[in-house]
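All values derive from a computational prediction rather than experimental measurement. Just so you know, ligand 1 is whichever comes first in the structure, and atom 1 is the first atom listed for that ligand.
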Amino acid sequence: MNGQYIWHNGSIKKWRYATTHVMNPSLHYGIAAFEGIRFYQTNKCPAIFRLKDHLDRFFYSMNVLGMPIMYDQEGLTKAVKDLIIRNKMTEGYIRPIAWFSDEKVGLHNAGGTTSVQIALFDWKKSGPDTLRVHISPFLRIHPKTTDVNAKISGHYINTHLALQHAGKNNFDDAILLDHNGNIAEASAANIFCVYKKFLVTPLRGTILPGITRTTIIQLPGCGAVRAISCNISPAELLESEEVFLCGTAYEILPVSKIEGKIIGDGKPGPITKLLQEQYRKAVHGEFPERQYWLTYVND
Ligand code: PMP
């Protein structure tokens, strides 16, 4: 279910009144910056997970598109907290988006007034507990065609095509290769594998550097499990003992099969399960030493 209220350019409105004109350049050319953030119930009150990092990336993406930053960290943090309270929600997904909202279609008109909106959704896990994926014929966007570190609407044409193609072939998601033929990421998630006992994830450069990916690298209490970033070939991925996808929406989702190849014994492996449990604790505020990851709504 959607939250009943949306924060729109500084005020909270009923869901159906938070609108924009269809003749805006962002809709026509995919020129919008957005984020996907989660909030979870904790033993104190609802808390937003890594809000500061998400807002930093939001500002970065807006800046890449030449959008003025009219609201700062403090302003948007307050907006998100107010919205959660107003919607009386305790857990869910937060979607901020910034777009050029003037009624002036034409690429040269992509500028002018920038609107910002924040919506909330309930987030009940749906879909399988383990994924069957394939290596997509669509490549991840080349780092010299755009800024791959930004979370920009237009980038998702690429992953929409990859995901649509995966679905038609009965896979749950697609793994995209980079322009050098190395593993990049999934449609809207990063990827890790356990290869010869090492926890490995692709280097930055072609991927969206996910906040969940960073969280996994920084998770406390994982003992000997330490992640390294390096190039991963498709053959290495297929030989891995464990593979999982990660992102704000997916959290940590094990991959059981890549095309015809079963990964491990087809069930979530021990390192994946350990990380899932540590991640669950992190988002629910159960690590005293990682409280700075949480923004408590009622603080
Ligand atoms: N890659 C892409 C293309 C994504 O859309 C996402 C989801 N934002 C991710 C990776 C994972 O990023 P995060 O962990 O910040 O949600």
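Note on ligand 1: E35 sits outside its first shell, no heavy atom being nearer than 4.0 Å. Residue contact check for ligand 1: A189 places a non-hydrogen atom closer than 4.0 Å to it. At a 4.0 Å cut-off, at least one heavy atom of S187 sits close enough to ligand 1 to count as contact. Put simply, part of Y156 is less than 4.0 Å from ligand 1, judged by heavy atoms. No heavy atom of T159 sits closer than 4.0 Å to any atom of ligand 1.
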Quiz prompt | Pair Y279-T215, side chain to side chain contact (heavy atoms under 4.5 Å, CB included): steps then yes or no | solution = CA-CA 8 Å; Y279 189 76; T215 302; 3.8 Å; yes
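Both tests pass for R86 against the ring of Y5: distance under 6.0 Å to the centre and angle within 45° of the axis.
The residues R213 and E185 are annotated as not salt-bridged, no charged nitrogen and carboxylate oxygen being separated by less than 4.0 angstrom. Of the charged side-chain nitrogens involved, at least one lies within less than 4.0 Å of a carboxylate oxygen, so that E286 and R280 count as a salt-bridged pair.
For ligand 1, the atoms lying closer than 4.0 Å to a non-hydrogen atom of G210 are 12 (O), 13 (P), 14 (O), 15 (O). Per-residue contacts place E185 under 4.0 angstrom from the following atoms of ligand 1 (heavy atoms of the residue considered): 1 (N), 2 (C), 3 (C), 10 (C). The N190 neighbourhood of ligand 1 comprises atoms 10 (C), 11 (C), with distances under 4.0 Å to a heavy atom of that residue.
For atom 6 (C) of ligand 1, the nearest non-hydrogen atom of the protein is A188 O, 3.3 Å.
Here H155 has no heavy atoms under 4.0 Å from ligand 1, in either its backbone or its side chain.
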